[in-house]
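Only one structure is covered here, and it is reproduced in the block below.
Order of listing sets the numbers, starting from 1, for every ligand and every atom in it.
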Amino acid sequence: MNDTFRPELIRTPPDTAWSLVRLSVGDAVHYPELWAGDVAVVGGGSAGSAAAVMAARHGAKTLLIESGGFFGGTAAGVLDTMYGFFPAGSEERIVGGIGWEVADALLRDGQAVLRGNTYGAGTGVTYEPEALKLEWDRQLLAAGVTPLLHSRMSAVIMDGSTVCGVIVLTRRGPFRITARRVVDATGDADVAWAAGSSLEMPEEKRRVQPLTTTFRVGGVGEPAKTPEIHRLMAEADASGEYRLPRLEGSAHYTVLPGVYHTNMTRVAGIDPTNPWAMTAAEIEGRSQATEYARFLRDKVPGYEESYLLATSVWIGTRETRRLLGEYVLRKEDVLGARQFDDAIALCGAPVEDHDGGAGTIWQYVGTNGEGGPTGKSYGIPYRCLLPVETEGLIVAGRCLSATHDAHASARSIAQCLSYGQAAGTAAALSVSADVRLRDLDRNALRAALVADGVIL
Ligand SMILES: Cc1cc2nc3c(=O)[nH]c(=O)nc-3n(C[C@H](O)[C@H](O)[C@H](O)COP(=O)(O)OP(=O)(O)OC[C@H]3O[C@@H](n4cnc5c(N)ncnc54)[C@H](O)[C@@H]3O)c2cc1C
């Protein structure tokens, strides 16, 4: 049995171990300037890439800062299916704009297919991740965004309560970026945290979704169906010959022949902002991936000739720090299919909570928590992107302002693309109108979004 997980690796840094994350304008001038402009987007995942393209298309001089070597984030490095374009239980698309432009380009190029979800989360767009990376390169350059890879935002520059730039750490040392608006699309709310905005912290509530290392296997024939795989998993785990902490999860076909993408492993009880815990999680995730791949090859019909092709670029983080913004989206809003006057996006994805032990909780929009997909959707207010105490900053992506339960619905890729579109557009419009982000005319913002293909 493959059993490399050693919980003693998980050490918590002492509370005093805070780095310097907030600089005044006066202190920041000691760092050499790398870039200055209208909008700096931090984090080049789905939300950040969408934000940067839309800010630039609206005329803002825009920089996109990403710590890794490609754009697309979790969608390109961990996953291969975008959910959220279609609500659960309906084929009527509810997300358009830049998100659908990207998905549609992949579909038209034969780099993606529409695929029904096994659990009823709605139809997904299953794409080739390498093609997604290239599509973002193309979109960003066409829009005139300045892309900056291999640069990690390490501190925020503040003028009182206003964010006016960030420090990025590069291999040539730290540099200063100044911008009239900053978009926090880091997924983990790194900028909002550094700026001192109110956040819900994973270590406080002790209720955070588990992490998953996805993996791909090649050489798959005609595989057994998911219920049969689950039955075989339980049998293999009970035999004591395999260590399978999650007795469900799925493997699905991809656009590549014989290649299957999985979502099976589960590493729970981790605060993803703790570097020691994340180190242990990466090691454990890889170990589990190897074990599940061994199980598939040994026990599942259709996988007899299969082999492990790759594990995800990093372990997938579902949830970390989240903003506590002008509005906090709640489970009642989600299940009640609530609409808002300042909605900037729609979502029809179920609450998909991997929090509970070896299983997953599913609750659908437009139900009282029981019953299946309804095809309904709810609105996400602009206020969910706005910090209460901080100016010059807007948040996009999975660190939006939502409770744990609401977040378990609102975090799909298509929605993160929408939040990015709204944040980038709002940042650019607030610069050109010279108003604070929170004072931006919300009807004008919504009109601009609709003009750009957003469905509201
Ligand atoms: C295991 C797992 C399975 C999932 N399955 C699905 C699914 O099948 N379909 C679906 O639609 N959704 C799924 N989700 C949810 C969805 O993938 C995410 O919520 C979404 O991709 C988040 O997008 P984002 O842009 O907010 O963040 P991310 O894509 O995580 O992007 C954040 C980016 O910011 C960068 N970054 C972070 N900090 C810094 C910094 N300080 N400086 C510079 N750059 C930084 C990161 O490198 C990253 O590229 C899943 C999530 C997980 C973890």
- Item | Any Leu199 side-chain heavy atom under 4.5 Å of Arg322 side chain | no

- Item | Side chain to side chain, Arg398 and Asp188, heavy atoms closer than 4.5 Å | yes

- Salt-bridge present (Arg321, Asp190; N to O < 4.0 Å): yes

- Parallel under 30°, tilted from 30 to 60°, perpendicular over 60°: which one fits the rings of Trp362 and Tyr364? parallel

- Can you find an N/O atom of Ile413 closer than 3.5 Å to an N/O atom of ligand 1? yes

- Query: Any idea which of Cys416, Gly73, Gly316, Gly397 brings a heavy atom closest to atom 53 (C) of ligand 1?
  - Reply: Gly316

- Message: At less than 4.0 angstrom from any non-hydrogen atom of Thr81, what atoms of ligand 1 do you find?
- Response: 7 (C), 8 (O), 9 (N), 10 (C), 11 (O)

- Message: Tell me whether Arg266 is salt-bridged to Glu284, with the criterion being a basic N under 4.0 Å from an acidic carboxylate O.
- Response: no

- Item | Identified side-chain hydrogen bond (donor to acceptor under 3.5 Å, both in side chains) partner of Arg246 from the options Asn263, Thr265, Thr212 | Asn263

- Query: Under 4.0 Å from any heavy atom of Ala47, which atoms of ligand 1 are there?
  - Reply: 25 (O)

- Heavy atom under 4.0 Å from ligand 1: found in Leu79's side chain, backbone, both, or neither? side chain

- Message: Considering non-hydrogen atoms of the protein only, which is the closest contact for atom 37 (C) of ligand 1, and what is the distance?
- Response: Thr186 O, 3.3 Å

- Item | Per-atom contacts of ligand 1 with Thr74, taking only distances under 4.0 Å to non-hydrogen atoms | 17 (O), 21 (O), 28 (P), 29 (O), 30 (O)

- Query: Numbering the atoms of ligand 1 from 1, which are under 4.0 Å from a heavy atom of Ala185?
  - Reply: 32 (C), 33 (C), 34 (O)

- Message: Within the 4.0 Å heavy-atom shell around Thr212, which atoms of ligand 1 are there?
- Response: 1 (C)

- Not counting sequence neighbours, which residues clear salt bridge (charged side-chain N to carboxylate O under 4.0 Å, His left out) with Glu391? List them please. Arg436, Arg438

- Note on the structure: Asn263 heavy atoms within 4.0 Å reach ligand 1 at atoms 3 (C)

- At a non-hydrogen distance cut-off of under 4.0 Å, which region of Asp190 contacts ligand 1 (side chain, backbone, both, or neither)? side chain

- From atom 19 (O) of ligand 1, work out which of Arg398, Gln415, Met153, Arg411 has a heavy atom at the shortest distance. Arg411

- Item | N/O separation below 3.5 Å, Thr317 to ligand 1 | no

- Which of these passes side-chain hydrogen bond (donor to acceptor under 3.5 Å, both in side chains) with Glu389: Ser198, Ser161, Ser197? Ser198

- Looking at Tyr83 and Gly122, what are the two nearest heavy atoms and their distance? CE2-O, 3.5 Å

- Query: Do ligand 1 and Val78 have nitrogen or oxygen atoms that lie under 3.5 Å from each other?
  - Reply: no

- Would you say Gly84 touches ligand 1, if touching means a heavy atom closer than 4.0 Å? no

- Can you name the one residue among Thr403, Leu323, Asp333, Leu400 that meets side-chain contact (heavy atoms from CB on, under 4.5 Å) with Val328? Thr403

- Note on the structure: Nearest heavy atom to atom 52 (C) of ligand 1, choosing from His252, Met82, Arg318, Met264, belongs to Arg318

- If we number the atoms of ligand 1 from 1 as shown, the ones under 4.0 Å from a heavy atom of Gly45 are 25 (O), 29 (O), 31 (O), 33 (C), 49 (O)

- Which of these passes side-chain hydrogen bond (donor to acceptor under 3.5 Å, both in side chains) with Glu319: His404, Arg411, Gln209? His404

- among protein heavy atoms, the one nearest atom 44 (N) of ligand 1 is Ser67 N, 3.2 Å

- Which value, rounded to the nearest 0.5 Å, describes the distance between Met264 atom CE and His230 atom NE2? 7.0 Å

- Query: Can you list the ligand 1 atoms lying under 4.0 Å from a non-hydrogen atom of Ser151?
  - Reply: 43 (C)

- Task: Decide whether the shortest distance between a heavy atom of Ala414 and an atom of ligand 1 is less than 4.0 Å.
- Result: no

